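Structure, as structure tokens:
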Amino acid sequence: MIELARLREASEEVIATLAKKGFDAGPLVEQALAYDAERRQLQKSLDEARSQINQLSKAIGEAARRGATAEAESYKAESTTLKATIQQQEAALRETEAKLHELLIRLPNPPHPSVPGGRSAAENVVVSQNAYPLLPADGRLPHWELAEKRHLIDFERGAKVTGSGFPFYTGDGAKLQRALIAFFLDEAEKAGYLEMEAPFLVNTDTAFGTGQLPDKDAQMYYVPLDELYLIPTAEVPLTNYFRGEILEEAQLPVKICGYSPCFRREAGSYGKDVRGLNRLHQFDKVEIVQIVRPEVSYEALEEMRLYVESLVDRLELARRTVLLCGGDMSFASAKTYDVEVWSPAQQRWLEVSSVSNFETFQSNRMKLRYRRGKATDLVHTLNGSALALPRIVAALLETHQLPDGRIRVPEVLQPYLKKAYL
RNA sequence: GGAGAGAUGCCGGAGUGGUCGAACGGGCCUGACUUGAAAUCAGGUAGCUCGCUCCGCGGGCUCGGGGGUUCGAAUCCCUCUCUCUCCGCCA
């Protein structure tokens with residue numbers, strides 16, 4: 001959610017910047033500023049009326065002590081009249097504030113100046129790529145066939161037990177999941193992130209705080225009886241950890257990480273996109289989150305990007321990183337890198353991580369601030385997948401399969417799996 | 001799930017209808033004293049918001065959240081959330 005002050009002081013700039021996301025903010029901004037002006041006027045006259053009533057109340061108390069009953073009664077009458085006005089103004093103010101809020105939450109986060117223009121993924125910019133070759137398909141089995149054949153994943157029974165997109169991982173398949181999670185968490189800890197295990201269900205305030213609500217509610221599983229959402233990513237509970245708090249400057253940067261299953265309804269997905277592990281309703285992921293001072297958030301973004309890249313590289317997978325263009329970015333992000341791995345059998349790139357700086361978009365929703373001298377200021381929040389498992393597994397199986405059908409385990413995972421081949 | 005108790009500022013803890021944004025203690029900050037420190041003394045120490053003659057001043061709101069009663073609520077009523085104790089259930 002954009003800061004009101006920024007909107008007031010630089011509305012033209014905000015509109016121009018949002019055009020990069022393909023969003024026409026003009027009418028919305030104009031309307032918001034009008035409500036803001038109205039709100040302030042209402043606030044002012046309401047405050048004045050309240051001030052009067054406060055003074056009257058004091059006078060009543062004082063008169064009553066003196067025994068000046070008639071005087072007190074006349075004040076009371078005055079106060080009662082005033083109160084009716086106040087109630088009217090309060091209602092008007094509430095209404096205006098609600099309308100303003102409605103508009104503000106519909107405004108996407110303006111992208112950072114370094115974000116390229118563009119309408120779709122085709123216009124994303126490749127910023128780095130590692131040296132591993134983009135293997136040809138040749139005789140390689142796609143991961144869904146290989147995984148069934150080697151009894152690593154059981155898609156069919158998952159579909160029976162729950163539904164499509166909820167696979168069982170069996171035997172070494174399950175162990176591979178555990179190995180990857182442990183590897184990712186261990187590395188994150190070495191990189192300075194505090195490990196947390198977060199709740200996997202969250203309330204509506206939390207879902208609003210990181211921007212899942214209101215616009216992405218169809219993406220989340222919901223438990224109506226308890227009004228809780230299954231998390232689509234650990235970003236949600238982790239970033240909300242300090243929601244509503246004022247942090248001391250010395251506490252920053254906050255660096256936390258956590259493993260969680262991720263639940264996504266993925267309504268409307270179909271075809272080759274959802275084949276095998278390409279898109280699931282439940283998957284495992286390790287997430288990293290940083291909460292930092294605004295001045296250093298873009299340094300933090302680069303640090304996180306490099307860290308995520310190093311993880312993929314050590315799994316010996318062909319990898320590239322793209323900087324998302326304005327049109328391909330999410331509503332909440334100011335700048336996003338996607339890290340992708342090469343799927344030889346599918347002959348295409350699979351996104352395994354998204355690393356984003358949200359600047360104050362989330363912190364303003366969450367009212368997460370830090371003390372800067374005498375004042376307080378909103379922090380910047382960032383997060384990144386480090387990493388999401390299914391597509392890593394897909395690339396791993398397809399990349400490291402041997403002609404004899406076995407799958408070579410990348411060196412860094414061998415200590416976890418205690419074997420060199422699956 | 002049932003019964004009861006509670007939620008106050010950075011922390012502890014008073015306050016049961018008026019001058020309470022909140023006694024008192026602790027912590028922290030500033031100043032004085034001191035060669036320095038300790039001790040002592042004095043002062044200060046929340047957030048949000050509106051306005052102005054805007055390194056300051058004034059107004060409003062906030063005593064877990066929301067609503068109500070009242071001229072006036074931290075104090076009374078309703079409701080929600082959370083914590084604690086006992087019972088039940090369970091990993």
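Computed from a predicted structure; not experimentally measured. Proteins get letters first, then strands, A, B, ... in listed order; numbering begins at 1 in each.
- Nucleotides B:C11 and B:G27, compared at atom C1', are 7 Å apart to the nearest Å.
- When rounded to the nearest whole Å, the span between OH of A:Y35 and C1' of B:U49 equals 21 Å.
- A:E287 approaches A:S385 most closely through the heavy-atom pair OE1-CA, 3.4 Å.
- Taking the P atoms as reference points, B:A74 lies 15 Å from B:G68, given to the whole Å.
- The partner of B:G21 cannot be assigned: no Watson-Crick or G-U wobble pair with both contacts below 3.5 Å exists in any strand.
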Audit row: A:F263, A:H281, ring-ring contact (aromatic ring centres under 6.0 Å, His included) steps and yes/no: CA-CA 6 Å; A:F263 304 94; A:H281 289 304; over 10 Å; no
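- Pairing for B:A42 is with B:U30, a Watson-Crick or G-U wobble pair whose two hydrogen-bonding atom distances lie under 3.5 Å.
- One finds no salt bridge joining A:E235 and A:K285 here, because no Lys/Arg side-chain nitrogen approaches an Asp/Glu carboxylate oxygen to under 4.0 Å.
- Base pairing of B:G1 is made with B:C87, judged by Watson-Crick or G-U wobble geometry with both donor-acceptor distances under 3.5 Å.
- One finds a salt bridge joining A:E248 and A:R371 here, because a Lys/Arg side-chain nitrogen approaches an Asp/Glu carboxylate oxygen to under 4.0 Å.
- Across the protein-nucleic acid pair, A:Q55 atom CD and B:G18 atom C1' stand 15 Å apart, rounded to whole Å.
- Between A:Q89 atom CD and B:U49 atom C1' the separation is 16 Å, expressed in whole Å.
- For the C1' atom pair drawn from B:G64 and B:G6, the interatomic distance equals 11 Å after rounding to whole Å.
- Judged by closest nucleotide on RNA chain B, A:T376 is the one of A:N54 and A:T376 placed further toward the 5' end.
- Using Watson-Crick or G-U wobble geometry with both donor-acceptor distances under 3.5 Å, B:C48 finds its partner in B:G60.
- Rounded to an integer number of Å, the gap from CD of A:E78 to P of B:G72 is 13 Å.
- Atom CG in A:L93 sits roughly 18 Å away from atom P in B:C48 (whole-Å rounding).
- Picking from B:G47, B:G18, B:G60 the nucleotide with the shortest atom distance to the side chain of A:R371 gives B:G47.
- Remark: B:U81 base-pairs with B:A7; criterion is Watson-Crick or G-U wobble with both hydrogen-bond distances under 3.5 Å.
- As judged by a 4.0 angstrom heavy-atom cut-off over every strand, A:K83 is placed among the base-contacting residues.
- A:N364 places its CG atom 12 Å from the P atom of B:C48, with the value rounded to the nearest Å.
- Separating the CD1 atom of A:I86 from the P atom of B:C61 is a distance of 9 Å, rounded to the nearest angstrom.
- Going from the C1' atom of B:C82 to that of B:C24 covers 28 Å, rounded to whole Å.
- Among the heavy atoms of the strands lying under 4.0 Å from A:S79 are primed sugar atoms or P, OP1, OP2 only; no base atom is included.
- In summary, the side chains of A:Q290 and A:Y193 do present a donor paired with an acceptor at a separation below 3.5 Å, with no hydrogens or angles considered.
- When each of A:R94 and A:K58 is assigned the nucleotide of RNA chain B with its nearest heavy atom, A:K58 is the one assigned upstream, toward the 5' end.
- Only the C1' atoms considered, B:A14 is 28 Å distant from B:C71, to the nearest whole Å.
- Rounded to a whole angstrom, the distance from the P atom of B:C78 to that of B:A3 is 15 Å.
- For residues 39-48 of chain A, proximity to RNA chain B is found at A:R39, A:R40, A:Q43, A:K44, A:D47, defined as any non-hydrogen atom under 4.0 angstrom from a strand atom.
- The minimum heavy-atom distance between A:K20 and A:V115, with the atom names listed, is NZ-O, 2.5 Å.
- Taking the six-membered ring wherever Trp is involved, the centroid distance between the rings of A:F361 and A:F331 falls below 6.0 Å.
- Geometrically, A:R365 engages A:F208 in a cation-pi contact, judged by NZ or CZ lying under 6.0 Å from the ring centre and within 45° of the ring axis.
- Atom CZ of A:R157 is surrounded by 12 or fewer heavy atoms from other residues, nucleotides or ligands within 6.0 Å.
- With C1' as the reference atom, B:G13 and B:U19 are 23 Å apart, rounded to whole Å.
- Using N1 to N3 plus N6-O4 or O6-N4 for Watson-Crick, or N1-O2 and O6-N3 for G-U wobble, each under 3.5 Å, B:U75 pairs with nothing.
- Between A:S51 and B:G51, a side-chain N or O to OP1/OP2 separation shorter than 4.0 Å is absent.
- Residue contacts shown for A:L56 are absent, as no nucleic acid heavy atom lies under 4.0 Å away.
- Taking atom C1' in both B:A7 and B:G72, the straight-line distance is 25 Å, to the nearest Å.
- Between A:Q87 atom CD and B:C71 atom C1' there is a gap of 13 Å when expressed in whole angstrom units.
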